[in-house]
Each structure stands twice: as structure tokens, then as C-alpha cells.
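Throughout, a chain's letter reflects where its sequence line sits, starting with A, and its residues are numbered from 1. Just so we're clear, the structure is a prediction, and the values are computed from it rather than from any experiment.
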Amino acid sequence: MTVTTRFAPSPTGFLHIGGARTALFCWLYARRHGGRFVLRIEDTDLERSTPEAINAILEGMSWLGLDYDDGPFYQTQRFERYAEVLEKMLADGTAYRCYCSKERLESLRADQQARKVKPRYDGCCRELNKPPVDATESPVIRFKQPLEGHTVVEDTVKGTVAFDNAELDDLIIARGDGSPTYNFVVVVDDMDMQVSHVIRGDDHLNNAARQANILKALGVNPPIYAHVPMILDEAGKKLSKRTGAASVMDYRDAGYLPEAVINYLVRLGWAHGDQEVFSLDEMVEHFDISDINHSASSLNPSKLEWLNQQYLMTLPRAHVARHLARHLGDLGIDPALGEGPNLEAIVEAQAPRSKTLVEMADSSRFFYEAPEVYDDKAARKHLLGSEAVISALLSALTAVSDWQAATIHEAVMGVAEAQSVKLGKVAQPIRVAVAGGPVSPPIDVTLELLGQAATLVRLESARQWAIEHAEA
RNA sequence: GCUCCCAUCGUCUAGCGGUUAGGACGCUGCCCUCUCAAGGCGGAAACCGGGGUUCAAGUCCCCGUGGGAGCGCCA
């Protein structure tokens, strides 16, 4: 049997982090077994499905690097097939037309809730031989659920789960307008697409029994189920739009690398011993459904930040640089224009002090633009009264003929020694002068990247500032 | 209300009958240091409660409690 998994989102919103993890698990499992991963868009709800949402899902998958072998399939394009199966079930007597009005159903439900029993269809039309005389509405089609016995779902992560068939009512599989509903199309599609492993959120565990029964009515064996636990927000609550960056694309915009998001996601509900950082190959090699946790997990944003930094520091610089360029662009800086320093060198220098690409872009801004104002506190502390030091630096750095970190370092050290001060007393004024604030990579590296000309101009500006503010 | 699922540090987790209950993030002490980081070495921090089973229970069973999900002509 070849392994086939599928990711089947409904296009009613963006691809959120929980869906992304489900997709990742499906993808990993298929890759691990040399199987097939299919993408299916569950858009049978014409009211709520939107093309924007479809694009958002496709974009999210692509950004994460989750490629699929088949699809995307759209359920709205398979209506003839569903109609065909529906006819067969009607003919077989495993489904029936129900003429109950929505009003009747609503009052039935209200009554049951008032009596504190589980709301369910009462089977009113189940044994009808012909339409009732007053049948004015277009009938829905219901699945004829077995009345007695149990339905057992063998779930790979939850274990054996038994449902009393009496708990499962006759669910609607086609609406009054003839369009099929979720529990039915899922079954038909998984069957037609030969899905071997259904990996999805455990909010579907209850549906598994209904679906298994439909499959049985169709004479088909159910797939292997794996219901993975939910992902909760930081507070342990269900994920919602209010929880901040719930969309995968928001993570991109916030400066996370897809590698970090993937790694973070794979460790949510899954572990391989004590290992925290996984390459894609390692994930594929080690991933197994049997190692998936049974309980829900909460988001831990600071761990994502840590992972992101690990990847910023270790991924090939050219790769990180490409992502950084995007965020510099967001700041109105075009690193491709050639004026600025080498992007990869910036990545090397800034990665150990950046959690995200947004931070990295922001703190690298000064390489491209001279500071408009100095950080107030830093300027007063390091610039005020530093005219002599800055003047000395100006001449020492002007004299550097081979502008390299090593030679710069020598020049700066020379000034410190000549002034009988520690390196910090010299480095900090430079830092404020060139970066505008008290923080930057090592001063020699910073200056090398900035370039000699810009360094001298900024030092001169800082000297002027120090003179102007001296009397105050 | 009914049905189903779940329960180890604050969080992510290892553990698969015998462990000083391990790792990671975060927090924190020290070291390194031109700033900020990164890095190195330490520290605090957990088996939800009660019953069983067993020579032995975080691990198996039951109950309770607490979370979560489902109960649509949504998916």
C-alpha cells in the first residue's frame, strides 16, 4: 500500500498556524514513506469560501515549502461525482430523502436542549416510502446511520475509540439545493483519492465514526486515522484572530524564517528524544505518527524567537540575506542599489543580535542611512566632551589605507592608548556617531562594513554635535 | 445537558513498572567582553487529587477534578 496523505483546508480564511502544522505532519508522513501528499480545497460551502482565502492558503503552503504531489483539488468541481454516489446510496437504501422543514428541525432541537438531552434528528422521514403530500420544500438527503451497536475508530494517536451508534444521528449529506455536505464529500474524496492516512485535528474525532459508517455503507474500508491534538494560544485558549499572529503569513511579515516556523511547528505535539533543532531531512527521517502527543499544546512565542535566531545564525548567509532584503525593502531601503555594504556580511554581524529579520533590518538601517538624531542618553554620555577623542580618531582613521577590521582595530586601539583610556571609552563615541545609539556589532566590524568615507563623515558630524552642545 | 478526547517544571517536551524524573525556551547567578548580543559553566522550577493492581507506579486500571472538542441544510 502506498502512503497517501492529504491536507484539506476550507478556504474561509488564511492558513493559520494550527492548519500549517497539520499540513506539515501530513507532508512529513508522506515524504517519510515515499508516499503521496495531496492538497484538497474543501469549498463546498459556497457562502463562505473565497478566492482570497484559497490564495492565502496556497501562498502559505508555498512559503513554508510544503509542496504537494497532487492537487489542489476543488470539491466544487466534483459535484457530478457526489451526485452519482448520492444516487447510489438512495438506490441502496443507505440514504433517504428528508422533508422536514428547517422550522421543525429548529423546534425539535430547542425542545431537546430544553430537556437537556443531546440534540439529534428524530428519524421522522427515515422510513418514508413516498414524499408526504404537503412536501413543499426541496428535500435534503440524510445518511441512514445504524441504530444499534458500536462504531469503533482505530486511531493511531488516540487509540481505540468507541462510539455508541445511538449517539450518531442521521446526518444530512446533501442540502435542499442538492449540494453535498462536509462529512459526505470528505468520505467520497478520501475514497476516490485513495487516501491511506487521514491526519487531521482532533476536533474531527467525533466525525470519524460518522464517516467510517458512510464508508462502510459504500463498501469501502476506512483509512488509517490519526487525530492530532489542537494548538492553543499562549493562554491555553483556542486560537483566534485576536491571538495576534495566527496566520502563517503574519509570521513571515514579523521576520520569521520558514525554516524556523517549520521547526517550531514540528516540535509542537511531536518530539524525537531531546532533539530541538531539526533539518528537514532529519524531520523526514524521524517523523512518526506514533510519536505524536495526546494532549493539546500552547504556543510559546519566545521559543519560536530562539529558534528563529538559531536559523539566522546557522543558515547559509546568502539565504538569510535574501530574506533580509525583503525586510530592508519594507523600510524603504534597497540593498541591491550597491551603495551599501555587503548584505551577507551584515547577516553575519547581526544574526547573533537579532531574534527576527525585522529586528535585523531595523538595527542595520544605519549602514544605509546616517542617523538623523542621536539617541539622547547615549549622545550625552558618549559624545559630550569627546571632541578630543573624536578628533584623534578622525586623523587615525583617515590614515588607514587598507580599510579592514584588523587595521581599523589597530587604529582605534592606538587612539585609546594615546589617550590613556580603555577601548570602551573610544568605541562608544564611535558607535553613537555612526549608528546613532549605543549598540552595534563590534566596532571594527561595524566600521569596515560602513566604509571609510561614511565613517569619517559621521565622526565629523558627531564632533560638531559635541562642540555645539558643549556649553549647554 | 449528552458523547468523545486530554492531564510531567510557567511553556514545548523526554520517560514506555525500578531514574538523583532528563532536555529545550523563558527566568536567574557567574565567566567572556569595546556596546548589545551570541557563547560557556551553574541555579530555581513539574509527575492534578483519591483509590486500586504490583515486591515496586510519573508509567497499568477505576473514580473525582480540571481543561478541550463535538452535538448545523459549517468545514
Side-chain angles (χ1 to χ4, degrees), chain A residues 8-12 42-45 47-49 75 98 100 102 105-106 109 112-120 137-142 153 155 157-159 161-164 166-169 171-177 179-183 185-186 201-209 227 229-230 232 234 236-238 264 267-277 293-307 309 313 350-355 363 378 382 409 412-413 416 422-428 430-432 435 437-444 446:
Chain A
S10 64
T12 53
E42 309 227 322
D43 55 353
T44 53
D45 186 347
E47 304 276 299
R48 299 199 299 164
S49 299
Q75 293 184 322
C98 167
C100 296
K102 287 184 183 176
L105 262 18
E106 272 164 34
R109 195 173 301 129
Q112 288 164 329
Q113 277 167 353
R115 283 165 36 221
K116 307 210 172 191
V117 296
K118 187 171 183 168
R120 55 152 77 82
E137 295 185 52
S138 40
V140 300
I141 299 174
R142 286 183 185 273
V153 175
D155 191 274
V157 350
K158 303 289 186 182
V161 185
F163 294 88
D164 196 333
E167 289 294 330
L168 279 20
D169 64 347
L171 75 175
I172 291 171
I173 54 178
R175 303 181 179 90
D177 65 3
S179 63
T181 63
Y182 169 74
N183 278 298
V185 291
V186 163
D202 69 6
D203 49 339
H204 288 285
L205 184 55
N206 289 288
N207 288 329
H227 288 94
M230 306 269 85
L232 278 14
E234 297 163 62
K237 296 292 175 195
K238 191 177 180 180
Y264 177 69
R267 284 287 288 100
L268 229 41
W270 177 83
H272 181 252
D274 285 340
Q275 190 170 350
E276 294 289 348
V277 179
N293 272 194
H294 295 184
S295 53
S297 40
S298 301
L299 257 16
N300 183 182
S302 53
K303 187 156 184 178
L304 206 213
E305 287 187 338
W306 173 78
L307 265 171
Q309 181 165 43
M313 292 190 295
Q350 299 283 221
R353 58 209 98 227
S354 311
K355 300 278 190 207
S363 59
H382 301 297
H409 186 76
V412 174
M413 279 302 274
K422 287 189 160 188
L423 182 55
K425 282 288 178 196
V426 183
Q428 282 310 83
I430 304 176
R431 219 171 320 251
V432 178
V439 175
S440 87
I443 206 66
D444 47 0
T446 300

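In this entry the distance linking CD of A/E234 with P of B/U11 reads 12 Å, nearest Å. Distance CD (A/E276) to C1' (B/A14): 10 Å, rounded to an integer number of Å. The distance from atom CG of A/L171 to atom C1' of B/U3 is 15 Å, rounded to the nearest whole Å. B/A24 atom C1' lies 7 Å from atom CZ of A/R267, rounded to whole Å. A/I172 places its CD1 atom 5 Å from the C1' atom of B/C73, with the value rounded to the nearest Å.
Within the nucleic acid shown, A/K118 comes within 4.0 Å of at least one base atom, counting heavy atoms only. Nucleic acid contact for A/Q309: sugar-phosphate only, since backbone atoms but no base atoms lie under 4.0 Å from a heavy atom of the residue. Across all strands shown, A/H227 has no heavy atoms under 4.0 Å from either base or sugar-phosphate atoms.
No hydrogens or angles were tested; on distance alone, nothing pairs the side chain of A/K158 with the base of B/C5 as donor and acceptor under 3.5 Å. Contact of A/D203 with B/G70 (side chain to base): no donor-acceptor pair of N or O atoms is detected under 3.5 Å.
Pair assignment for B/G70: B/C2, on the basis of Watson-Crick or G-U wobble contacts that are both within less than 3.5 Å. When Watson-Crick and G-U wobble pairs are counted only if both distances are under 3.5 Å, B/U35 pairs with no nucleotide at all. Base pairing analysis places B/U65 opposite B/A7; the two distances defining the Watson-Crick or G-U wobble pair are each below 3.5 Å.
For the OP1/OP2 pair of B/A37 and a distance below 4.0 Å, the side-chain nitrogens and oxygens of A/S354 include no atom meeting the criterion.
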Between the protein and nucleotides 34-36 of chain B, which nitrogen or oxygen pairs come in under 3.5 angstrom?
unit_1: B/C34; atom_1: O2; unit_2: A/R431; atom_2: NH2; d: 2.2
unit_1: B/C34; atom_1: N3; unit_2: A/I443; atom_2: N; d: 3.1
unit_1: B/U35; atom_1: O4'; unit_2: A/Q428; atom_2: OE1; d: 3.1
unit_1: B/U35; atom_1: O2'; unit_2: A/P438; atom_2: O; d: 3.0
unit_1: B/U35; atom_1: N1; unit_2: A/R431; atom_2: NH2; d: 3.4
unit_1: B/U35; atom_1: O2; unit_2: A/P438; atom_2: O; d: 3.4
unit_1: B/U35; atom_1: O2; unit_2: A/S440; atom_2: N; d: 3.0
unit_1: B/U35; atom_1: O2; unit_2: A/S440; atom_2: O; d: 3.1
unit_1: B/U35; atom_1: N3; unit_2: A/R431; atom_2: NH1; d: 3.0
unit_1: B/U35; atom_1: N3; unit_2: A/S440; atom_2: O; d: 2.5
unit_1: B/U35; atom_1: O4; unit_2: A/P442; atom_2: N; d: 3.1
unit_1: B/C36; atom_1: O2; unit_2: A/R353; atom_2: NH1; d: 2.9
unit_1: B/C36; atom_1: N3; unit_2: A/R353; atom_2: NH1; d: 2.4

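Nearest heavy-atom pair across A/M230 and A/G201 is CE-CA, 3.8 Å.
Ranked by how close their nearest RNA chain B nucleotide is to the 5' end, A/A296 and A/D169 are led by A/A296.
Distance noted for atom C1' between B/A44 and B/C9: 10 Å (whole Å). Nucleotides B/U8 and B/G49 place their C1' atoms 15 Å apart, quoted to the nearest Å.
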